[in-house]
Amino acid sequence: MICNFIPKLSEVDEGIYRQLVPRDHYLRKVEHVVHWDTFRDILAPYYSAKMGRPGEDSVVMLKLSYLSYHHNLSDRQVIERAQTDVAFRWFLQLPLSWPMPDPSSLCVFRGRLGVKGFHEIFRQVVREAREHGVVRDRLRIKDATHVIGNLAVPTALALVAQTRDKLLAMAEPFAPLLVEGERVNLEMLREATKQHKPVERLVTRLVQLREMLVWADGVAPPEEADTNRAWEVFLAQRELAHKILDDQEHPESGDRTLSSTDSDARRGKHGAFFEGYLMDLTMDSDSEIITEINVLAANGDEAGDAAVLIRQEEEAHGNDVQAVSIDGVGFNGPVLRELQDPDGLNLDTYVPVPEAPESGLFTPQDFQEDKERGIVICPAGQTSAACFHEAQKQTTKYRFAADACRACPLLARCMKQTPGRYGRTVCKSDYQAEHQRARDKVTTLQYAAVRREHPKVERKLGEVMNRHGGRRARYRGLPKVLMQELMASMVTNAKRLVRLLCAPGVPISCTA
């Protein structure tokens, strides 16, 4: 139920705060630049007007979350500090005698808001930055970094065993006799295989899990299944068991589930291999305000997320971003086409071009492709129409006749060896035009100027990750990790607003 009673400070409280909290204290500046009362209307829909007992003031809960991420404190630690820290108390606008909420209420608060609520909070701070005139639409810098998952990666045998046990526990309310029989079979299987090697035991456990899923798929839903929370949990666990079984039977497919406790975490590479997630963001180059963020699995499509981030920002704020700078992962044909589409995002895109190996030979760019005629022309003027398209690689391969290449006066600059059965093979990307535009842009002065601005986002990522607890996931599951990164980014943006709008050492006018 929504809290209708907001505590007021007495004259004694105001006098104490006025004396003990310096007028140039950082929290006074945050209170000055962020309009916290505007969040009350944003948070109101997440509380019931009639059901339940009155909750804690929603703005107090949001400020406690802010303090938690700003100082990198746990729920219990931030409550304990707010009990005795006068500046914290003043920032919360609570009387000195007012009891602090229980730490578990912060968990309930996060559950109420979910991803949607925290996204609205993050975007409100960006909206206020735009109202102050500090955010412009000239250039967005996009980059991502790794978030280490809150999980211990088990062995394959342990993962299958954990999945089996959880599936049995979740199925018991709906198929108790089948679960009881399966547990008897499990004890017999343990006894029969206790002397076997781990690989052999894994095979028998996979067979057992496959047989369990046969009857689990046939479990009849209960009445009012749509509102039955236990049934929803069972369905989710059954789906996860199918996924883990498929991963073990087809290890070459990739995208393997690492843990039954955090089924969204994946293994990826960011410098070194890691298990967890990617935090991806766009930042306004002029103000260094983070304008949008997203969280992907560690093996997620970081390049493709660029268009998602820009669209999310433009839909939320109704603005029109003019240009974007991406690191080398952005040299991707489909991504470049989507970002530069005149009928779509229409972004001026700046991306580094990978250096071609120095071979001294003609590169594919030296061959002119005529798509209308379906031919490619070599530097010596020879043509080839012998081609085939590789849809998976999104390229067309052209192959020249061996006789034509042997007689070519430029053979030494085209091939290292004398042609055998075939002559030179040239691969032309389906996105040749997009790649060429990116190559041409690298030679411009504007490109050099934009790339000098790009390191700003590296420093911003370091601030979110290292100062405000973004590097290690506090929670499990992609939605909860996204909520964590939204709050860490919101705190980082508030700090930046303080630097932009409050002169150093200048006290804030206040009544308390």
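Just so we're clear, the structure is a prediction, and the values are computed from it rather than from any experiment. Numbering of residues begins at 1 and proceeds along the displayed sequence.
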Decide yes or no for [X] and [Y]: does some side-chain heavy atom of the first lie under 4.5 Å from some side-chain heavy atom of the second?
{"X": "Leu345", "Y": "Val324", "result": "no"}
{"X": "Glu390", "Y": "Cys427", "result": "no"}
{"X": "Arg256", "Y": "Arg267", "result": "no"}
{"X": "Met465", "Y": "Met279", "result": "yes"}
{"X": "Lys441", "Y": "Asp348", "result": "yes"}
{"X": "Val457", "Y": "Leu281", "result": "yes"}
{"X": "Thr383", "Y": "Tyr398", "result": "no"}
{"X": "Arg471", "Y": "Thr145", "result": "yes"}

Could you tell me whether [X] and [Y] have a side-chain N and a carboxylate O separated by less than 4.0 Å?
{"X": "Glu463", "Y": "Lys495", "value": "yes"}
{"X": "Arg229", "Y": "Glu232", "value": "yes"}
{"X": "Arg130", "Y": "Asp137", "value": "yes"}
{"X": "Asp284", "Y": "Arg136", "value": "no"}
{"X": "Asp341", "Y": "Arg337", "value": "no"}
{"X": "Arg110", "Y": "Asp75", "value": "yes"}
{"X": "Arg406", "Y": "Asp403", "value": "yes"}

Please report the closest heavy-atom contact between [X] and [Y], naming both atoms and the distance.
{"X": "Ala156", "Y": "Gln248", "value": "CB-OE1, 3.6 Å"}
{"X": "Gln484", "Y": "Gly470", "value": "NE2-CA, 4.1 Å"}
{"X": "Ala316", "Y": "Arg127", "value": "O-NH2, 3.9 Å"}
{"X": "Asp264", "Y": "Pro479", "value": "OD2-CD, 3.8 Å"}
{"X": "Leu106", "Y": "Ser65", "value": "CD2-OG, 3.8 Å"}
{"X": "Val34", "Y": "Ala494", "value": "CG2-CB, 4.2 Å"}

Spatial distance of atom [atom1] ([X]) from atom [atom2] ([Y]) [nearest 0.5 Å]:
{"X": "His270", "Y": "Ile148", "atom1": "NE2", "atom2": "CD1", "result": "11.5 Å"}
{"X": "Asn150", "Y": "Asp262", "atom1": "CG", "atom2": "CG", "result": "7.5 Å"}
{"X": "His146", "Y": "Phe274", "atom1": "NE2", "atom2": "CZ", "result": "6.5 Å"}
{"X": "Leu296", "Y": "Asp305", "atom1": "CG", "atom2": "CG", "result": "4.5 Å"}
{"X": "Arg399", "Y": "Cys405", "atom1": "CZ", "atom2": "SG", "result": "11.5 Å"}
{"X": "Gln237", "Y": "Leu240", "atom1": "CD", "atom2": "CG", "result": "5.0 Å"}

Could you walk me through whether Thr396 and Asp430 pass side chain to side chain contact (heavy atoms under 4.5 Å, CB included), step by step?
CA-CA 7 Å; Thr396 301; Asp430 295 350; 3.9 Å; yes
Look at the aromatic rings of His71 and Phe88 and report parallel, tilted or perpendicular, splitting at 30° and 60°.
tilted
For Phe400 and Phe367, take the angle between the two ring planes, folded into 0 to 90°, and tell me which bin it lands in: parallel under 30, tilted 30 to 60, perpendicular over 60.
tilted
Run Leu73 and Leu67 through side chain to side chain contact (heavy atoms under 4.5 Å, CB included) and show every step you take.
CA-CA 8 Å; Leu73 302 172; Leu67 293 170; 5.9 Å; no
Qualifying residue for salt bridge (charged side-chain N to carboxylate O under 4.0 Å, His left out) with Arg266, from Asp301, Asp247, Asp255:
Asp255
Tyr350 vs Gln446, side chain to side chain contact (heavy atoms under 4.5 Å, CB included): CA-CA, chis, key distance, verdict
CA-CA 9 Å; Tyr350 297 85; Gln446 181 64 21; 3.0 Å; yes
Answer yes or no: are there more than 12 heavy-atom neighbours, outside [X] itself, under 6.0 Å from its atom [atom1]?
{"X": "Arg467", "atom1": "CZ", "value": "no"}
{"X": "Glu252", "atom1": "CD", "value": "yes"}
{"X": "Lys371", "atom1": "NZ", "value": "yes"}
{"X": "Lys480", "atom1": "NZ", "value": "no"}
{"X": "Arg439", "atom1": "CZ", "value": "yes"}
{"X": "Arg437", "atom1": "CZ", "value": "yes"}

[X] side chain vs [Y] backbone, donor-acceptor pair below 3.5 Å:
{"X": "Thr444", "Y": "Asp440", "result": "no"}
{"X": "Thr349", "Y": "Leu347", "result": "yes"}
{"X": "Asn493", "Y": "Ile290", "result": "yes"}
{"X": "Arg496", "Y": "Ser287", "result": "yes"}
{"X": "Thr163", "Y": "Leu159", "result": "yes"}
{"X": "Arg424", "Y": "Cys414", "result": "yes"}

With sequence neighbours left out, write down each residue that passes salt bridge (Lys or Arg N to Asp or Glu O under 4.0 Å) with Lys142, or none if nothing qualifies.
Asp280, Glu302
Using distance alone, with no hydrogens and no angle criterion, decide if [X] and [Y] have a side-chain donor and acceptor under 3.5 Å apart.
{"X": "Glu128", "Y": "Thr38", "result": "yes"}
{"X": "Ser285", "Y": "Glu453", "result": "yes"}
{"X": "Ser263", "Y": "Lys243", "result": "no"}
{"X": "Glu485", "Y": "Tyr277", "result": "no"}
{"X": "Arg474", "Y": "Ser74", "result": "no"}

Given Arg140, Gln312, His317, the one that forms side-chain hydrogen bond (donor to acceptor under 3.5 Å, both in side chains) with Glu292
Gln312
What do the steps show when you test Leu501 against Val134 for side chain to side chain contact (heavy atoms under 4.5 Å, CB included), and what is the final call?
CA-CA 9 Å; Leu501 302 178; Val134 298; 4.2 Å; yes
Output field: ring centroids Tyr26/His70 closer than 6.0 Å
yes
Is NZ or CZ of Lys63 both nearer than 6.0 Å to the six-membered ring centre of Phe91 and within 45° of the ring axis?
yes
Pick one: which of Asp320, Thr291, Leu309 meets side chain to side chain contact (heavy atoms under 4.5 Å, CB included) with Glu314?
Asp320
